[in-house]
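Right, one structure below, let's go through it.
FYI, the numbering just counts along the sequence from 1.
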Amino acid sequence: MGTMNSPSGKRRLVVKDKLWNGLHFCLRSLLPISVFLIVAFLAVPALAYVLILLSKWRILAAKPRFWWPNLRANAADLAFSFSLVLFMGWPSADLTQQLIWLAIYLLWVFVFKTDRLPAGHVWRGLAAQGMGAAALIYSLNQLPLPAVLAGIWLVSLIAVQHILSGFPKRDYHSRLTQIWGLFAIQLAWVMLHWQVNFWIIPNLAVLLAVVLLASSLLYSLHLREAAHGAARRQILASTLIVTFAVLIFSGLWLTTL
């Protein structure tokens with residue numbers, strides 16, 4: 001104990017902590033940087049997809065009865081990562097844009113996927129919803145419309161399941177998930193008839209993320225028995241204002257895909 005409490009002992013502990021933190025940082029950075037190098041310099045996005053799948057080897061390392069729960073727990077991360085690879089490897093993306101996507105990937109790994117982020121399950125679900133829907137909409141020229149709609153439905157299920165996993169479990173969660181999936185595919189069916197962007201983000205992806213955020217806030221207030229009329233009205237009014245703003249500005253400023 002005396003040695004550990006001595007100045008030299010404390011310095012050694014500080015050095016060990018710094019080395020461990022540095023090693024941990026390097027290991028967590030390895031996947032995003034590898035994906036970036038593969039896409040930007042080798043130009044083989046398929047290899048990046050395979051690498052992301054291999055990074056989830058722990059899903060199958062457990063007993064078979066845990067495979068499905070493990071897959072559900074990692075589905076939001078997979079949806080976000082796959083979508084990011086698609087945008088990073090987009091034919092018109094230059095090196096600067098690819099570096100921006102790398103920064104977003106690192107932000108996902110070091111901020112969104114940590115326990116330090118308040119309500120992290122909500123933000124991860126929203127990111128997976130927005131990125132996944134945007135990637136599918138940008139792929140409309142390569143995929144048939146039914147496949148895109150099915151993909152949006154699946155991404156929406158993944159997103160809402162991830163959000164609900166952070167709340168106390170309830171028997172009706174599966175019904176809420178199916179309701180959100182049905183809403184998402186119905187909204188997609190309507191919005192994809194005029195495909196416009198809000199800046200570079202498809203307006204459908206923005207609307208899905210906004211409505212899902214509002215629904216998550218209302219549900220959180222409901223669980224805490226704090227859903228007063230004023231709070232509900234404020235959330236609903238803000239959602240309507242953002243929705244109309246997205247529809248109006250996307251129609252005025254942006255072009256079809």
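In this structure, Val160 and Ile179 have side chains that are not in contact, with every pair of non-hydrogen atoms separated by 4.5 Å or more. A heavy-atom distance below 4.5 Å is not found between the side chains of Gln129 and Ile158. Counting heavy atoms from C-beta on, the side chains of Tyr138 and Phe87 come closer than 4.5 Å. Residues Met131 and Leu84 have side chains in contact (heavy-atom distance under 4.5 Å, counting atoms from C-beta outward). When side chains are defined from C-beta on, Ile152 counts as touching Leu204, because their heavy atoms get closer than 4.5 Å. Within the 4.5 Å cutoff, the side chain of Leu208 has no heavy atoms near those of the Leu212 side chain. The side-chain heavy atoms of Leu236 and Leu218, taken from C-beta on, include a pair separated by under 4.5 Å. Ser139 places a side-chain heavy atom less than 4.5 Å from the side chain of Leu86.
Residue Gln234 qualifies as open at atom CD: its count of foreign heavy atoms under 6.0 Å is 12 or below. Within 6.0 Å of the CH2 atom in Trp123, the count of heavy atoms belonging to other residues, nucleotides or ligands does not exceed 12. Other residues, nucleotides and ligands place more than 12 heavy atoms under 6.0 Å from the OH atom of Tyr172.
Smallest separation of non-hydrogen atoms from Leu136 and Gly151: CD1-C, 3.2 Å. Shortest non-hydrogen contact noted between Ile137 and Ala205 is CD1-N, 4.3 Å. Here the closest heavy-atom approach between residue Thr239 and residue Ile235 is recorded as OG1-O, 2.8 Å. Closest of all the heavy-atom pairs between Pro32 and Leu102 is O-CD1, 3.5 Å. Residue Gly132 comes nearest to Val155 through the heavy atom pair CA-CG1, 4.0 Å, listed as atom of the first residue, atom of the second, then distance. Scanning both residues, Leu164 and Leu176, for their nearest heavy atoms gives CD1-CB, 4.3 Å.
Criterion: ILVMFWY side-chain heavy atoms under 4.5 Å apart, direct or through other members. Under it, Ile241 and Leu207 are not part of a common hydrophobic cluster. Hydrophobic clustering (ILVMFWY, side-chain heavy atoms < 4.5 Å, transitive): Leu42 and Tyr105 are in one cluster. In terms of hydrophobic clustering, with Ile, Leu, Val, Met, Phe, Trp and Tyr side chains grouped at heavy-atom distances under 4.5 Å, Phe41 and Leu106 are assigned to a common cluster. Cluster membership check: Phe66 does not share its hydrophobic cluster with Trp68, using side-chain heavy-atom separations under 4.5 Å among Ile, Leu, Val, Met, Phe, Trp and Tyr. Cluster annotation: Trp57 is not connected to Leu71 through the hydrophobic network of ILVMFWY side chains, with a link wherever side-chain heavy atoms come within less than 4.5 Å.
Less than 6.0 angstrom separates the ring centroid of Tyr49 from the ring centroid of Phe82. Taking the six-membered ring where the residue is Trp, the centroids of Phe80 and Phe112 are separated by 6.0 Å or more.
Of the possible donor and acceptor atoms, one in the side chain of Thr114 sits under 3.5 Å from a partner among the backbone N and O of Val111. Between the Arg124 side chain and the His162 main chain, no donor and acceptor come within less than 3.5 Å of each other. Put simply, the side chain of Ser220 never gets that close to the backbone of Ser216: no donor and acceptor are under 3.5 Å apart.
To the nearest 0.5 Å, the span separating CG on Leu37 from CG on Leu51 amounts to 10.5 Å. Here the CG-CZ distance, from Leu78 to Arg72, works out to 14.0 Å after rounding to the nearest 0.5 Å. With rounding to the nearest 0.5 Å, the separation of CE in Met88 from CD1 in Ile100 is 10.5 Å. Separation of atoms NZ (Lys169) and CG (Asp171) is listed at 8.0 Å; rounding is to 0.5 Å. Put simply, CG on Leu145 and CG on Leu192 are 6.0 Å apart, with the number rounded to the nearest 0.5 Å. Annotation: the span from Ser83 atom OG to Trp101 atom CH2 amounts to 9.0 Å, rounded to 0.5 Å.
Residues satisfying the ring-ring contact (aromatic ring centres under 6.0 Å, His included) test with Phe183, not counting sequence neighbours, are Trp180. Scored by the side-chain hydrogen bond (donor to acceptor under 3.5 Å, both in side chains) test, His121 finds no partners at all (sequence neighbours excluded).
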Evaluation steps, ring-ring contact (aromatic ring centres under 6.0 Å, His included), between Phe167 and His222: CA-CA 11 Å; Phe167 292 114; His222 168 72; over 10 Å; no
From CA spacing to verdict: side-chain contact (heavy atoms from CB on, under 4.5 Å), Arg58, Asn70: CA-CA 8 Å; Arg58 291 189 187 130; Asn70 288 346; over 6 Å; no
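Shown are Leu53, Leu54, Ile52; of these, the side-chain contact (heavy atoms from CB on, under 4.5 Å) with Val50 is made only by Leu54.
Under the salt bridge (Lys or Arg N to Asp or Glu O under 4.0 Å) criterion, the residue pairs touching residues 85-113 are Asp77-Lys113, with sequence neighbours excluded.
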